[in-house]
Amino acid sequence: TAPTLEVASLNVHFGRGRARKQIIDDVGFEIRPGESVGLIGETGSGKSTIARSILGLVDPSAGSSVLVAGKQVVGLSANARRSFRRSGVAQYVFQDPHKSLDQDFTVEQSIAEPLLIRGDIKRADVAEAVRRQVDDVQLDAALLGRFPAELSGGQRQRVAIARALITKPRLLILDEPVSALDSANRVKILELLGRLRSSEVAMLFISHDLGSVAGITDRTLVLYRGRVVEVNKTSQIVNAPEHPYTRLLVGSAPTLSGGSIDRERREQLRAELHPS
Ligand code: ADP
């Protein structure tokens with residue numbers, strides 16, 4: 001089977017002139033249908049920029065290629081970009097459901113919106129599709145009339161996941177989907193995401209935290225300063241990391257930012273990585 005996502009020679013620069021900075025440096029990887037791939041790295045390493053490049057929300061540099069279900073999404077016109085987004089082929093869930101959910105929409109409206117935007121389904125069938133999707137994410141149908149502000153963090157994230165899945169995307173990007181949740185909800189949402197894996201959908205699961213991706217990904221890419229420094233089976237990354245930076249990550253699990261690794265060791269590894 002052909003890969004659902006093919007990223008090749010992805011380079012992203014931000015800023016102009018002397019302020020121009022390379023954020024993503026020659027990143028390439030593939031995800032096949034049914035595969036779940038982790039993308040880990042600390043805050044600022046470029047994870048979200050990769051996700052946004054795949055969704056057509058960032059302009060990668062010339063020569064970059066991102067194929068989603070065979071379609072090139074780099075360098076699209078504004079119109080083509082809109083129609084790619086409307087198609088719902090690639091969907092996403094972000095860390096903060098406040099950003100992916102419109103505060104003025106009820107749960108039902110939020111979940112229905114991507115279908116209504118795509119516009120290829122009879123209005124009468126939308127309500128039924130929403131109900132099925134709500135069931136899939138184990139959300140109480142009694143919440144359909146509520147607004148995001150009236151939901152718990154875990155419920156909001158279930159709404160965001162239902163909304164992402166309702167167009168039956170080929171590619172689902174999860175960018176820190178559990179980072180904003182308390183630990184009980186974190187476990188529940190990770191379980192849900194594990195259950196939602198299917199042989200059709202390719203998943204890209206982004207986190208600063210290896211612990212979050214470990215249980216639900218097949219392979220993991222390790223990103224360091226915009227570069228992929230290691231790609232391996234997730235079990236290998238967890239148990240026998242090869243790159244010094246990955247060893248740092250694994251040593252500092254479960255959290256990287258302000259993680260448990262002591263400062264001296266961190267500095268030492270940094271020196272190893274960047275001999276000056
Ligand atoms: P991560 O998701 O791993 O935390 P990001 O992709 O958000 O990392 O950011 C990577 C780097 O790119 C950071 O240094 C960030 O400050 C910078 N960056 C992100 N978006 C922009 C932008 N629109 N303009 C300039 N710099 C940006």
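Whatever order the structure lists them in is the order used to number ligands and atoms, beginning at 1.
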Is any side-chain heavy atom of Phe94 closer than 4.5 Å to one of Ile173? no
Using heavy-atom distances only, which candidate in Gly15, Gly41, Gly44, Ser48 approaches atom 10 (C) of ligand 1 most closely? Gly44
Distance check, rounded to the nearest 0.5 Å: Leu143 atom CG versus Glu108 atom CD? 12.0 Å
Sidechain N-carboxylate O distance under 4.0 Å for Glu191, Arg195: no
Just need the protein heavy atom nearest to atom 27 (C) of ligand 1, so name the residue and atom and give the distance. Phe14 CD1, 3.2 Å
Here the gap from Leu139 atom CG to Leu192 atom CG, rounded to the nearest 0.5 Å, amounts to 10.0 Å
If we number the atoms of ligand 1 from 1 as shown, the ones under 4.0 Å from a heavy atom of Thr49 are 5 (P), 6 (O), 9 (O)
Check each of Ala19, Ser207, Gly46 against atom 8 (O) of ligand 1 and report the one with the nearest heavy atom. Gly46
So do Gln22 and Phe14 actually touch side chain to side chain, heavy atoms under 4.5 Å? no
Hphob cluster co-occupancy, Ile206 + Leu57, side-chain heavy atoms under 4.5 angstrom: yes
Given the protein's heavy atoms, is any one of them under 4.0 Å from atom 16 (O) of ligand 1? no
The atoms of ligand 1 lying under 4.0 Å from a heavy atom of Glu42, numbered in the order shown, are 3 (O)
To atom 12 (O) of ligand 1, the nearest of Asp175, Thr43, Leu223, Ile23 on a heavy-atom basis is Ile23
Heavy-atom nearest neighbour of atom 3 (O) of ligand 1 within options Arg52, Lys47, Lys21, Gln22: Lys47
